[in-house]
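Note on naming: letters A, B, ... go to the chains in the order of the sequence lines (proteins, then strands), and numbering restarts at 1 for each one. Just so it is clear, the model here is predicted, and its values are computed rather than measured.
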Protein chains: 2
Amino acid sequence: MNAPDAALICRALGDTNRLQIVELLTNGEQCACKLLEHFSITQPTLSHHIKILSECGLLDSRREGVRTFYSLNCETLREFRKYIAALECSC
Amino acid sequence: MNAPDAALICRALGDTNRLQIVELLTNGEQCACKLLEHFSITQPTLSHHIKILSECGLLDSRREGVRTFYSLNCETLREFRKYIAALECSC
DNA sequence: CCGCTAAATAGATGGCCGTCTATAAAAATT
DNA sequence: AATTTTTATAGACGGCCATCTATTTAGCGG
């Protein structure tokens, strides 16, 4: 992963609500309706945040009837963790 | 480190120029005049980016005569790496 | 077919962001 | 004291962002 891609992901994670969405999905997939319960934002705003996280490859989605379940994209997350882990102090 | 603090740092790293500043400082401290050579932005813009990185605790500074040398704050960086490393896929 | 639930889209709004030019401040040198 | 170098600050501007309300789309059950 290079700097522009990593910056894109950082920007996506640079909002407390979105970072908490990722934290929640750490425990496994959840539908948007369940995610919404954890926040004090409207449904369209949550949908907007989900879109931003999806567009940079952090989220996968799976439809099941009327619900859509979202989960973390393991590969993108792994590459991003690797990039951040490489940012080490020289001391 | 909690979500709001991590989001603040992510926002600071969510710009390619700023992420590259951090990458450069991985190799040790540098003065702003040296950092500037690596970018195609003006000096005030670089100063602005440095300020944002400093305000979230990522950068330390040390003055030496007319120059100011910037370096990574090891502790902040370590805590942030730890936070990101904890964002793991459930699969 | 209708109504209900879940999610996305459209459009608006206020605010923050990245960048610039111009200027100031601080330190060293002549 | 004047000049040069390095960095910070002020102010402006265009654009993007987070959020909202209103509406639409999609699937399911009666």
For a quick test of reading the model, state the closest non-hydrogen atom pair linking [X] to [Y] and the distance between them.
X: B:Ala32; Y: B:Tyr70; result: CB-CE1, 3.9 Å
X: A:Arg11; Y: A:Arg18; result: O-NH2, 3.4 Å
X: B:Ser90; Y: A:Asn27; result: CB-C, 4.3 Å
X: B:Phe69; Y: B:Cys31; result: CD2-N, 3.5 Å
X: A:Leu24; Y: A:Gln30; result: O-NE2, 4.0 Å
X: B:Phe80; Y: B:Ala6; result: CE1-O, 3.9 Å

Note to self: Both A:Gly14 and A:Gly65 contact DNA chain D. Which one's nearest nucleotide lies toward the 5' end?
What the structure shows: A:Gly14
Checklist line | 5′-ward residue of the pair A:Arg11/B:Ala32 relative to DNA chain D | finding: B:Ala32
Notebook entry, point to check: Got a sec: does the CD of B:Glu88 have more than 12 other heavy atoms crowding it under 6.0 Å?
Noted result: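 Yes.
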Over how many whole Å does the gap from [X] atom [atom1] to [N] atom [atom2] extend?
X: A:Gln43; N: D:dC20; atom1: CD; atom2: C1'; result: 12 Å
X: A:Asp15; N: D:dC17; atom1: CG; atom2: C1'; result: 9 Å
X: B:Gln30; N: D:dT6; atom1: CD; atom2: P; result: 14 Å
X: A:Phe39; N: D:dC20; atom1: CZ; atom2: P; result: 13 Å
X: B:Lys34; N: D:dT7; atom1: NZ; atom2: C1'; result: 17 Å
X: A:Leu19; N: D:dC17; atom1: CG; atom2: P; result: 17 Å

Checklist line | Bounds of contact between DNA chain C and chain B, in 5' to 3' order, using a heavy-atom cut-off under 4.0 Å | finding: C:dG18 to C:dA28
Next item on the list: Could you check if a side-chain atom of B:Leu19 sits within less than 4.5 angstrom of a side-chain atom of A:Leu87, using non-hydrogen atoms only?
Entry: yes
Note to self: Over all strands shown, is B:Arg18 touching base, sugar-phosphate only, or nothing at heavy-atom distances under 4.0 angstrom?
What the structure shows: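 Answer is sugar-phosphate: B:Arg18 comes under 4.0 Å of backbone atoms only.
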Notebook entry, point to check: Looking across every strand, which nucleic acid part, if any, lies under 4.0 Å from B:Thr42 by heavy atom: base, sugar-phosphate, or nothing?
Noted result: base
Check: Below 4.0 angstrom from OP1 or OP2 of D:dA8, is there any side-chain N or O of B:Tyr70?
Finding: yes
Note to self: According to side chain to side chain donor-acceptor pair (under 3.5 Å), who are the partners of B:Arg62, at least two apart in sequence or on a separate chain?
What the structure shows: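 B:Arg62: side chain to side chain donor-acceptor pair (under 3.5 Å) contacts with B:Glu29, B:Glu64.
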Check: In residues 45-64 of chain A, what residues come within less than 4.0 Å of DNA chain C, judged by heavy atoms?
Finding: A:Ser47, A:Lys51
